[in-house]
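Notes to accompany the following structure.
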Amino acid sequence: SAVISQKPSRDICQRGTSLTIQCQVDSQVTMMFWYRQQPGQSLTLIATANQGSEATYESGFVIDKFPISRPNLTFSTLTVSNMSPEDSSIYLCSVEAGNVPYEQYFGPGTRLTVT
Amino acid sequence: GQQVMQIPQYQHVQEGEDFTTYCNSSTTLSNIQWYKQRPGGHPVFLIQLVKSGEVKKQKRLTFQFGEAKKNSSLHITATQTTDVGTYFCAGVGSSNTGKLIFGQGTTLQVKP
């Protein structure tokens with residue numbers, strides 16, 4: 001299992017600014033994922049972040065807009081750049097952990113509102 | 001690209017009634033997982049199904065994986081108010097990259 005914390009838990013930001021979300025895990029993990037979840041909607045994978053390599057982005061998400069860092073096996077950051085109201089969402093990080101292959105543990109999420 | 005469809009989107013039941021949510025993939029899956037997200041919370045892993053035709057039970061919850069490994073269901077017997085939340089299926093494609101493709105989720109409301 002894994003315990004994941006995210007900072008900040010929520011924020012209200014102005015259009016055009018950037019926000020960096022931190023994800024800290026209590027154990028070393030290889031694969032970390034960043035998701036976006038709009039209220040009442042499903043989870044959409046933004047990117048996969050493996051330590052020591054560039055993040056792999058899903059279709060519709062680009063590095064310039066969502067730069068990701070993965071400096072070690074317990075930490076990652078996601079930056080939401082040049083924000084617009086359409087970026088208002090919950091951002092979740094997750095890790096593969098546990099006894100079941102591909103089982104993911106999720107952080108509590110960061111609720112972002114862009115005004 | 002690969003898609004996972006889930007129905008119904010919402011379900012309101014009286015406490016004690018049964019509930020079922022269905023999940024269909026556009027492609028064959030290597031396995032399928034189910035997660036539960038309580039209101040205001042984050043998704044929590046429930047179970048993983050790997051084998052064709054597999055059935056697993058967790059107390060009042062029964063999970064099935066179709067013979068063709070393209071569909072799955074979650075059935076809750078005699079719902080309780082603690083079952084309230086959104087249930088997501090998530091498929092792992094045959095490429096086994098570890099990426100999960102989430103269904104749209106079914107939100108369950110239980111009236112006491």
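Naming: A, B, ... by sequence-line order, numbering from 1 per chain.
For a residue to count as touching a neighbouring chain, one of its non-hydrogen atoms must lie under 4.5 Å from one of that chain's; by this rule B:Gln37 touches chain A with the side chain only. Using a 4.5 Å cut-off between heavy atoms, B:Ile47 makes no contact with chain A at all. Neither the backbone nor the side chain of A:Tyr105 comes within contact range of chain B, judged by heavy atoms closer than 4.5 Å.
A distance of 9.0 Å separates OH in B:Tyr35 from CG in B:Leu46, rounded to the nearest 0.5 Å.
Taking 4.5 Å as the heavy-atom cut-off, the residues of residues 38-62 of chain A that approach chain B are A:Gln41, A:Ser42, A:Leu43, A:Leu45, A:Thr48, A:Glu58, ordered by number.
Note on A:Asp11 versus A:Arg111: no salt bridge recorded, every NZ/NE/NH1/NH2 to OD/OE distance being 4.0 Å or above.
B:Phe63 and B:Trp34 have tilted rings, their planes meeting at an angle from 30° to 60° on a 0 to 90° scale. Ring pair B:Phe102/B:Phe88 is perpendicular by interplanar angle, where above 60° counts as perpendicular and below 30° as parallel.
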I'd like to know whether A:Val95 forms a side-chain contact (heavy atoms from CB on, under 4.5 Å) with A:Phe33, so could you lay out the CA-CA distance, the side-chain angles of the two residues, the decisive distance to 0.1 Å, and finally the verdict. CA-CA 6 Å; A:Val95 302; A:Phe33 304 89; over 6 Å; no
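Side-chain contact check for B:Ser52 and B:Glu67: at least one donor-acceptor pair (N or O, by modelled atom type) lies under 3.5 Å.
Within a 6.0 Å sphere centred on CD of A:Gln14, heavy atoms belonging to other residues, nucleotides or ligands number 12 at most.
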